[in-house]
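So that the names make sense, note that chain A is the first sequence line, chain B the second, and so on, each numbered from 1. What you see is a predicted model; the values in this text were computed from it and never measured.
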Amino acid sequence: MNVLDINDLSIDFPTSKGVVHAVSHFSLSVPKGRRVGFIGESGSGKTTTALAAMRMLAAPGFVAGGSIRLNGVGGTDLLGLSDEEMRRVRLRRISYIPQGAMNSLNPVMRVETQIWDGIVAHEGHVEPGELQRRSREVLAGVGLEPHVGQLYPHELSGGMKQRVCIAIGVCLQPDLIIADEPTSALDVITQRHVMQTLREVQDKIGAGLILIGHDMGLMAQSVDDLAVMRLGELVEFGDVRQILENPRHPYTRELISSVPLVGGDSFLDSTPRAPEVQTDTGAPPLLEFRNVSRRYGAVTALHPMSFRLDGAVPQIISIVGQSGSGKSTMGGLMLGFNTPSTGEVLFKGQDINALGGAAALTFRKEVQAVFQDPYACFNPFYRVNHALKFPFKRFGLARDEAHVTTAMEEACVAVGLDPSLVLNRYPHQLSGGQRQRLIVARALMLSPKLLIADEPVSMVDASLRATILKNIHDLKDKHGISILYITHDLATAYHVSDYVMVLYHGHVVEAGPPKEVIGHPQHAYTRLLIDSIPWPDMDRDWGSAADARADLEELDRISQRPETVYRGDVPGFHLAQA
Amino acid sequence: MADHSTPNAAGAQTPDLTARQIRRMKRFDNPWRNPKLIWGAGLLLGIVAMGILGRIFWDPDLVFTGSGLTRQPPVGLENLRGQVGTWAHPLGTDGAGRDVLALLIIGAPNSLFVGVLASLIGMSIGIFLGFSAGFIRGRVDDVIRVLSDVMITIPPLLILVVFQAAYGDISLTMMAILIACFVWQSPTRLIRAQVLSMRESGYVQMARLSGASTMHIMFREMMPNLVPYLFGSFIANVTTSIVTAVGLEVLGLGPQRIPTLGRTIYEAINSGALIQNLYWWWGIPTILLALMFIGLLLINLGLDEVSNPRLRKL
């Protein structure tokens, strides 16, 4: 028995440049108690479809054709209901768990009051005692203590807030739950816990679930059926195991293959060069941390640490950690955007915070960066070539105008962009992937000695991640640039790096070659991180919510006394933690 | 869309797009072709044009005392003494026989001039202090922030009344400078806030990585993106400045020998125009002021829509 039948649905957005078909001829059914995943890249129409089922499409979008039938209300077409009838359907029949729970809860209302709101809106007056009982019950269902109901949203962590949103979504036991990227802002460990909670609750009330996401691994661990969407069309639909193991559509294959796996085949087809025999030249190391720490008031973002990167042979050093582990602080320290509380950061033997004039300019030329957000890195006022042209001239690399143009074009070609298509555009006219590749091209043009890549692919669609990482990897292989790769993604760190440091609460907990650290982790935290990654593999199960809870408690325990596990050295890099 | 689509925003039904709607949507391709902006600019330019054309086609010397009979009504109206307006003074004359039309031709652009000049000076101070506070931070920021916060709490009219009462007659420029001392605070705060958030943005970081100087970052990277805010703030300041200037003039504290709209209203009130029902005497300058404010408001609303596309409606 199906909960929801979407039949030949088309959704159009009229714009001044013509009508955009956000969704075209989409048909799908959600059976009772079954979990259906919608996967696709940004702009594929997956959220738009779900919002249409809630009748919450943003203007000027409208349903151009088709029907959405909900069997809980006698199989009537939702699109024909009046506003008042639709209000009764929302939450009672279909509930929606939004993306970014942080912003979805009312900051000035207690959690339980927000749960009561939904109940009262649908059932009229309910006795306070009864409300209290029901909110406690539903909070317990998502694994939260009863006293959480008395708290305000700012007193909860991100994972708890997301679970409160789930509690609100299931408090009226709807027929269908739509969860729109419910874990996109959470780290992997919390993500596992929240997803398992959602799965358990949904099992208990027997509702259908539509899970919207872009992560093939998360889908493999969470849903029964998978719908692959691309440019508003359903390209493949079927059992998740069948799709993962035997994808029919080339796009599905592309999506699956773009997920890097620890231990799987590398997406980089470069042959690793044997490290050249190192002769100790006595030259100062490229980058050195001497007992560097960083405190913000009472919080220590980075505990004293020392390392030395020789840079004679280009290497990729990965710094891995969750949000708040201090990895971006390290990046800021290396770029001189942030000053250490103790110790000093040395570049070629000179303290980077004491450089002046010409020396500072040289330092800037030799240490470049790629940042996380490709949307913010271009000044919207200028064409994108400004970002490439300006530093090139500023560092005195340009001989004349023609030389600048040639250099820009060569750099674009090297990262696989067509210079005539991208260089003279404004940033908003380019996609995120194109912009991020332009930033890599910019680094390439300046040929620095060291590149700090701070989460360079976390905001780029999955299919492009491999390409951009390949571009970055080429910087090392073909252009001899040493790279510090800062990331939360263990799988990509496994493939690209020569040395990995796992950071937790400002401590290095495990460090060594990636095959050791990520392939065979020894520290409890590293193991937990790797276990929490949702693998796009049906036979590698995530475990139950109880496991996840036990792991979180384990994490609390180890955070008290972090210790470093050294897993071997690579030539040219030395780490020591005070 | 109101006349075509059903009330539900979910869009259950297809709104059929008429040619008019498509034309309205096309308008957003160029945000500067905003009707509010165009109408507002038109009104202000009209007042400037009146000042220029008036000097050519009318005699500006008629602003002097005794240019005609006193308290004449405009054409088509009659005053208490039963005199009928003549074409020699189409808008009548005031209590000293000055021609009201000439007063407006000279006075309206003067009022606008005071507002624009005061706002320009205030904005320049605001841009300088706002950028300094937001970009340099630390002590400089503390000093500028406290200073502007303190200045915001002082009512400008009070200080100006005391100042003008003590110094007597002043020039238009002097008045603009005095008013400027009270309109730099809000642009300072606005720009400081924008600079504070912008200095953490990706492109500013990129510019720092590119070895850009502080001046380059402030004026080449940040400033162009602030232009819509600066314009909006400028226009709002012109409004405030004109209100302050007219307020002073109506109290009789503005320039004594230069015709302005506020001064004309002051003289009308002072000569008993309200009791004698000579409503055109104070009414016509008031209408001009109202038009000026409506023009400024429309420009401000238009600029808001230009800089914030979400406010644009179909």
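Contact of the His386(A) side chain with the Met206(B) side chain is not registered, since no non-hydrogen atoms from C-beta on lie closer than 4.5 Å. Residues Arg220(B) and Phe390(A) have side chains not in contact (no heavy-atom distance under 4.5 Å, counting atoms from C-beta outward).
Within a 6.0 Å sphere centred on CZ of Phe128(B), heavy atoms belonging to other residues, nucleotides or ligands number 12 at most. Around the CZ atom of Phe293(B), the shell of radius 6.0 Å holds more than 12 heavy atoms that belong to other residues, nucleotides or ligands.
Applying a 4.5 Å heavy-atom cutoff, the residues of residues 431-440 of chain A that approach chain B are Ile439(A). Near-neighbour residues of residues 447-456 of chain A relative to chain B, defined by a heavy atom under 4.5 Å from a heavy atom of that chain, are none. Among residues 371-383 of chain A, the residues having any heavy atom closer than 4.5 Å to a heavy atom of chain B are, in sequence order, Phe371(A), Ala376(A), Cys377(A), Phe378(A), Asn379(A), Pro380(A), Phe381(A), Tyr382(A).
Here the closest non-hydrogen pair linking Phe395(A) and Leu209(B) is CZ-O, 3.5 Å. Taking every heavy atom of both residues into account, Arg442(A) and Ser210(B) meet most closely at NH2-OG, 2.7 Å.
In this view, Arg199(B) and Phe135(B), Arg137(B), Leu196(B), Met222(B) satisfy the side chain to side chain contact (heavy atoms under 4.5 Å, CB included) rule, not counting sequence neighbours.
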